[in-house]
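Only one structure is covered here, and it is reproduced in the block below.
Each chain gets a letter, A, B and so on, in the order its sequence line appears, and its residues count up from 1.
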Amino acid sequence: MTELSKRFNFKEVDEKWSNHWVDKGLFHTKPHKDKKPYTIVIPPPNVTGILHMGHALNDTLQDIIIRYKRMNGYEALWMPGTDHAGIATQNVVEKQLAKEGQKRQDLGRDAFVERLWDWKQQYGDTIIHQLKKLGSSCDWSRTRFTMDDDYSHAVKDVFIKLYAKGLIYRGQYIINWCPRCQTALSDEEVEHEDLPGNLYHIKYALKEDPNKFLVVATTRPETMLGDTAVAVNPKDERYKDFIGKNLILPLVNREIPIIEDDFVNPEFGTGAVKVTPAHDPNDFDIGKRHDLPFINILNPDATLNKEAGADYEGMDRFEAREVIISTLKEAKLLTKVEQHTHAVGHCYRCHTVIEPYISKQWFVKMKPLAGPARDAVTTGAIKFYPDRWTKVYLNWMDNIRDWCISRQIWWGHRIPVWYDDQENIYVAYNEEEALAQARDKRGEAVKLRQDPDVLDTWFSSWLWPFATLGWPNKSEDLDYFYPTASLFTASEIIFFWVARMVMAGIEFIGEIPFKDVYIHGTVRDTEGRKMSKSLGNAIDPLEIINEYGADALRFSLIMNSGQDLFVSKEKFEVGRNFANKIWNATRLILMNTSEIDSNFDITKKEHIQTMELSHQWIISKFYTTLQKVNQSIESYRYSEAETLMYEFFWSNFCDWYLEIIKNKWDDKDTQNVTYKILELSLQMMHPFMPFVTEEIWQHIKPEAGEICTSLWPEIQSQLIDESKEEQMSYVIDMITAVRNMRAQWNISPKLKTKCYFDASGNTTFNIQEHEQSLLRLAQLETLEEDIKITQRKNIAITLVHGIKIAIDLGEVVDVAKEKARMIKEREGLIKLKDNLAKRLDNKSFTDKAPKEVVKKEKGRLEALEQKTEELQKVIASLH
RNA sequence: GGGCGAUUAGCUCAGUUGGUUAGAGCACCUGACUUACAUUCAGGGGGUCGAGGGUUCAACUCCUUCAUCGCCCACCA
């Protein structure tokens with residue numbers, strides 16, 4: 001027998017097994033005729049990513065179900081990979097360059113992209129290594145990257161198909177512009193944050209009568225340099241006479257018309273709106289409606305350009321704001337400054353304030369894609385867990401807007417579009433093809449230039465569930481593993497990714513990409529803040545793995561994973577302690593089981609029935625637990641599953657069963673049953689704590705291969721016996737009652753006491769059968785039957801399930817104290833009894849409540865009555 | 001402005017169709033180094049389930065109003 005260390009040494013074990021599993025290819029999958037597939041695609045972490053708690057949670061959830069399904073005989077594929085994460089990754093490398101005093105422009109596009117690939121080569125797999133440390137049982141041989149050649153081909157294919165269908169178009173619109181990243185962003189990539197700001201009231205003089213003014217209100221005064229009108233509501237009596245007249249725009253001295261538009265809300269501000277069509281989405285619409293000029297006053301970096309006038313050219317937008325305010329103030333044109341909180345959009349990558357900005361971009365028409373994606377959820381083909389996210393999803397689908405997919409960065413999928421000198425568009429897989437198209441169209445060879453932009457990262461991610469399986473090529477993999485079974489992600493990603501994957505799956509494959517969407521909570525610190533590097537409140541999962549072990553990290557995270565989780569370092573102790581408990585229980589068992597019968601079959605009821613209660617009980621208890629664990633896992637209630645296992649293993653198995661059988665190791669049944677229950681428990685716990693269970697498995701069942709490929713225990717319902725569980729609960733209650741009395745009387749644990757009982761009140765339970773257990777676990781010297789128990793002196797006595805049980809207190813007894821304790825107990829019982837009696841007296845209760853409830857309550861009342869009566873007798877007899 | 005979620009022990013949370021005396025972990029208190037484990041064991045204290053109203057024989061659970069906190073969505077400058 002191998003000697004086991006006193007503590008579970010996760011440091012050696014974790015790495016050993018994660019390497020072993022991968023090296024042996026145990027998670028490798030392939031289409032399999034006789035097995036059902038179960039597929040999950042990982043939400044591909046960014047190549048820039050390092051494992052944070054959000055990943056740890058997300059990936060543990062997936063690993064649990066994938067290990068569970070694998071053990072249940074499925075061909076369980078967990079598809080791993082990483083996302084090129086356009087803006088994020090480019091930012092990282094640009095920062096690196098900045099340290100060298102360079103800009104991407106200094107390198108030029110090709111060299112810069114090459115540098116990004118170098119970076120990816122060097123650091124891109126960091127998170128993959130970290131996922132392995134966590135125990136993630138992905139099929140690593142399939143690891144994909146969203147910029148792999150074949151994946152890129154899929155992206156182009158999709159672009160070309162959608163363009164052909166008229167679902168992709170190019171146009172000049174107002175979009176969200178990040179001045180730092182210098183690219184367009186989709187609406188989803190803008191994070192709104194309510195910020196305190198000011199509403200500035202500014203006087204615009206009437207051209208026709210310079211002494212008359214119209215006052216407009218704005219939060220962004222610098223945009224006035226691009227104003228091309230002022231709008232009022234046509235129904236607004238105050239401004240009726242102004243409509244059609246002209247104003248002189250202060251600072252700029254441009255003549256602008258006063259127009260009417262229903263959009264204007266007379267209640268807000270002054271009821272007169274300055275219209276800046278090039279720098280505000282609403283004004284853009286107004287500008288289109290009224291055919292106004294669009295004056296762009298910003299450079300891409302959000303400094304003002306020459307349209308803004310010589311005084312402001314080159315100034316930063318926020319500096320310009322200050323200057324303009326003070327200039328207006330001096331000119332007495334600023335009539336009022338109101339405090340005003342408003343939502344300011346920020347870039348989700350760098351948190352810079354975004355600018356609404358006019359530019360020519362590529363868009364996906366979303367309405368035609370949204371319809372079927374909506375239906376997939378309303379018909380129940382796709383289900384959200386928890387269900388409330390359904391509404392969030394549908395709401396987004398119903399209010400969907402077109403998706404801006406072009407990005408002015410260099411890292412990503414280059415838009416497969418070429419232009420000729422006449423701005424004709426050629427959409428093609430490559431330049432050669434585009435040239436051919438151009439030749440056909442123009443009748444001569446022409447020079448083309450490719451669109452410089454790349455596609456939004458999510459334009460490749462939305463293909464993940466099938467592009468990873470070889471699409472657009474037909475493949476056995478795709479046939480077999482698609483659609484996937486379940487998707488695990490955080491709520492932030494529903495719009496970015498989940499919703500769009502549904503669209504893409506239906507559009508390109510004709511089939512939904514997954515059936516269940518499990519939305520898990522966000523990991524926060526104890527103050528409820530999101531964990532983030534910049535806040536410095538992040539707990540590093542790798543640090544936890546180092547200090548507590550991967551099993552501890554996994555177990556503790558899941559334990560806390562009801563809704564959002566608030567974690568602190570100490571919370572990981574639960575998992576560490578539990579792993580250690582499993583380890584030490586194994587040590588005990590291995591030390592005492594030398595003669596395991598290899599033919600022992602725990603499923604044989606006839607054999608089990610001949611055993612003593614404790615064995616039957618633990619077997620029944622195990623299968624009861626297993627049954628519940630199965631249900632919990634199947635319904636995505638993982639923390640519940642863990643609670644069940646924890647309770648079973650620690651409380652039932654270790655604290656009771658192992659203690660009870662401790663002096664019976666020479667019994668064969670004891671050895672066989674204990675060993676087998678350990679084995680089964682390890683399997684049940686394996687998806688949750690893969691490392692400790694695998695390590696132990698190798699000590700107790702080395703001939704059986706790896707536990708991760710073992711078959712999940714089948715429920716043996718013939719061995720589930722409630723009566724055994726009840727009988728055992730009597731033993732437990734009895735021991736507890738005696739321990740209780742001992743504690744109350746401060747009896748030293750070293751001192752064994754005499755114990756007496758009177759079982760005349762319970763004929764179904766034979767206490768003497770359990771004498772050994774009671775003697776040992778309750779520290780008793782003797783256990784004697786005594787029908788005149790209440791006449792004894794110097795005892796403490798209590799009633800358990802109709803059985804009077806008393807311990808001898810020797811000379812120390814204080815009868816008054818004991819009596820007082822029992823009176824107090826009796827009072828409590830009487831209160832309960834009275835309440836119950838009242839309820840049963842109530843005719844409407846007995847009439848309306850279900851019969852079984854009434855019956856149950858009657859039974860309870862009888863038991864309570866009996867107990868109070870007995871207690872009364874005991875009290876009366878105490879002297 | 002709309003929607004969603006939360007509010008249960010000092011802390012973090014369970015509580016699945018309404019039905020025993022509302023549970024767990026941590027923390028706390030008492031006791032024990034009992035040769036599997038002090039990352040342990042035994043015992044204990046602690047909750048009018050956010051507030052008010054309602055439905056019901058019965059409410060932590062259903063309805064309603066309110067309060068506090070959090071999240072998401074929204075073009076009112």
Could you check whether any side-chain heavy atom of I732(A) comes within less than 4.5 Å of a side-chain heavy atom of W656(A), counting everything from C-beta outward? yes
Between A36(B), A77(B), A74(B), which one does the side chain of L588(A) approach most closely? A36(B)
With a non-hydrogen cut-off below 4.0 angstrom, is G271(A) in contact with a base, only sugar-phosphate, or nothing? base
Is a salt bridge present between K628(A) and E647(A), judged by a nitrogen-to-oxygen distance below 4.0 Å? no
Rounded distance in Å - NE2 (H192(A)) to P (A77(B)): 11 Å
Can you tell which of C75(B), A38(B), C57(B) lies closest to the side chain of N282(A)? C75(B)
Any K391(A) side-chain nitrogen or oxygen under 4.0 Å from OP1 or OP2 of C4(B): yes
Closest to the P850(A) side chain, choosing from G19(B), G43(B), C57(B): G19(B)
Rounded off to whole Å, could you give me the CZ-to-P distance for the F263(A) and C75(B) pair? 10 Å
Taking A77(B), U21(B), A36(B) as options, the one with an atom nearest any side-chain atom of M591(A) is A36(B)
Does K569(A) make a side-chain N or O approach to OP1 or OP2 of U12(B) shorter than 4.0 Å? no
Pick base, sugar-phosphate or nothing for V273(A), based on heavy-atom distances below 4.0 Å to the nucleic acid. base
Establish, with yes or no, whether the OP1 or OP2 oxygen of U20(B) is under 4.0 angstrom from a side-chain nitrogen or oxygen of R839(A). no
Taking the six-membered ring for Trp, are the ring centroids of Y348(A) and F496(A) within less than 6.0 Å of each other? yes
State which of C75(B), C57(B), U12(B) makes the closest approach to the side chain of K571(A). U12(B)
Just N and O in the side chain of W650(A): are any of them under 4.0 Å from OP1 or OP2 of C41(B)? yes
Counting heavy atoms from C-beta on, name the nucleotide in A74(B), C57(B), U12(B) closest to the side chain of F566(A). U12(B)
How would you label the contact of R637(A) with the nucleic acid (heavy atoms, under 4.0 Å): base, sugar-phosphate, or nothing? base
For K750(A), report the nucleic acid contact type (base, sugar-phosphate, nothing); a contact means any heavy atom under 4.0 Å. sugar-phosphate
Could you measure between the two C1' atoms, the one in U55(B) and the one in C13(B), and give it in whole Å? 30 Å
What's the verdict on side-chain hydrogen bond (donor to acceptor under 3.5 Å, both in side chains) for H201(A) and E338(A), showing C-alpha distance, side-chain angles and the deciding distance? CA-CA 8 Å; H201(A) 293 244; E338(A) 275 180 89; 2.6 Å; yes
G31(B) P sits how many Å from Q779(A) CD, rounded? 18 Å
Whole-Å distance separating the CD1 atom of I358(A) from the C1' atom of C75(B): 15 Å
Please name the nucleotide paired to A6(B) by Watson-Crick or G-U wobble geometry with both distances under 3.5 Å, or report none. U68(B)
Quick one: is C71(B) close enough that its OP1 or OP2 comes under 4.0 Å of any side-chain N or O from R388(A)? no
With nearest nucleotide decided by heavy atoms, which residue, Y646(A) or K274(A), maps closer to the 5′ end of RNA chain B? Y646(A)
Using a heavy-atom cut-off of 4.0 Å across all strands, would you classify H340(A) as base, sugar-phosphate, or nothing? sugar-phosphate
Please classify the nucleic acid contact of F495(A) as base, sugar-phosphate, or nothing, using heavy-atom distances under 4.0 Å. sugar-phosphate
On a whole-Å scale, what distance lies between the P atoms belonging to C4(B) and C62(B)? 15 Å
Is the closest basic N to carboxylate O distance between E781(A) and K752(A) below 4.0 Å? no
Between the side chains of R839(A) and N842(A), is a donor N or O closer than 3.5 angstrom to an acceptor N or O? no
Would you indicate what E857(A) reaches in the nucleic acid, counting non-hydrogen atoms under 4.0 angstrom: base, sugar-phosphate, or nothing? nothing
Counting only side-chain N and O atoms of R860(A), is one of them less than 4.0 Å from OP1 or OP2 of U21(B)? yes
Quickly work out the L565(A) CG to A6(B) P distance and round it to whole Å. 15 Å
If we call it a pair only when both distances are under 3.5 Å in a Watson-Crick or G-U wobble match, what pairs with U48(B)? none
Between F8(A) and N580(A), what is the shortest heavy-atom contact and its length? N-ND2, 3.1 Å
Pairing partner of U34(B) (Watson-Crick or G-U wobble, both distances under 3.5 Å): none
Determine whether the aromatic ring centres of residues F284(A) and F294(A) are separated by less than 6.0 angstrom. yes
Across the strands shown, which category fits F284(A) at heavy-atom distances under 4.0 angstrom: base, sugar-phosphate, nothing? nothing
Does D564(A) or N577(A) map to a spot on RNA chain B nearer the 5' end, using the closest nucleotide for each? D564(A)
Counter-base of A77(B), judged by Watson-Crick or G-U geometry with both distances under 3.5 Å: none
Sugar-phosphate only, base, or nothing, as touched by N740(A) at under 4.0 Å among non-hydrogen atoms: sugar-phosphate
Does a salt bridge link K855(A) with E852(A), judged by any charged N lying under 4.0 Å from a carboxylate O? no
What integer number of Å spans the C1' atoms of G25(B) and U48(B)? 25 Å
Roughly how many Å apart are U30(B) and G18(B), using the P atom of each and rounding to a whole number? 44 Å
Can you tell me how far P in C49(B) sits from the matching atom in U61(B), rounded to whole Å? 9 Å
If the cut-off is 4.0 Å, is K581(A) near the phosphate of C37(B), judged by side-chain N/O to OP1 or OP2? no
Sticking with atom P, work out how far C11(B) lies from G5(B), rounded to a whole angstrom. 24 Å
Any base atoms under 4.0 Å from R576(A), or only sugar-phosphate, or nothing? Heavy atoms, all strands. base
Touch class at under 4.0 angstrom, heavy-atom based, for T736(A) against every strand present: sugar-phosphate
I'd like to know if K6(A) reaches the base of A38(B) with its side chain such that a donor and an acceptor end up less than 3.5 angstrom apart. no
Please classify the nucleic acid contact of D285(A) as base, sugar-phosphate, or nothing, using heavy-atom distances under 4.0 Å. nothing
Of the nucleotides G19(B), C73(B), A77(B), which one has an atom closest to the side chain of N395(A)? C73(B)
Side chain of N584(A) (C-beta onward), nearest among U12(B), A32(B), A36(B): A36(B)
For K662(A), report the nucleic acid contact type (base, sugar-phosphate, nothing); a contact means any heavy atom under 4.0 Å. base
Atom CD of E222(A) to atom P of A77(B): distance rounded to whole Å? 14 Å
Which part of the nucleic acid does R742(A) contact within heavy-atom distance under 4.0 Å: base, sugar-phosphate only, or nothing? nothing
From the list C57(B), A77(B), A74(B), which nucleotide is the closest neighbour of the side chain of A343(A)? A74(B)
Distance, P atom - from U56(B) to G10(B), rounded to whole angstrom: 34 Å
U21(B) to U12(B) separation - P atoms, rounded to the nearest Å: 29 Å
Of the nucleotides G19(B), A77(B), A74(B), which has the atom closest to the F845(A) side chain? G19(B)
Taking the six-membered ring for Trp, is the centroid-to-centroid distance between Y357(A) and W177(A) below 6.0 Å? yes
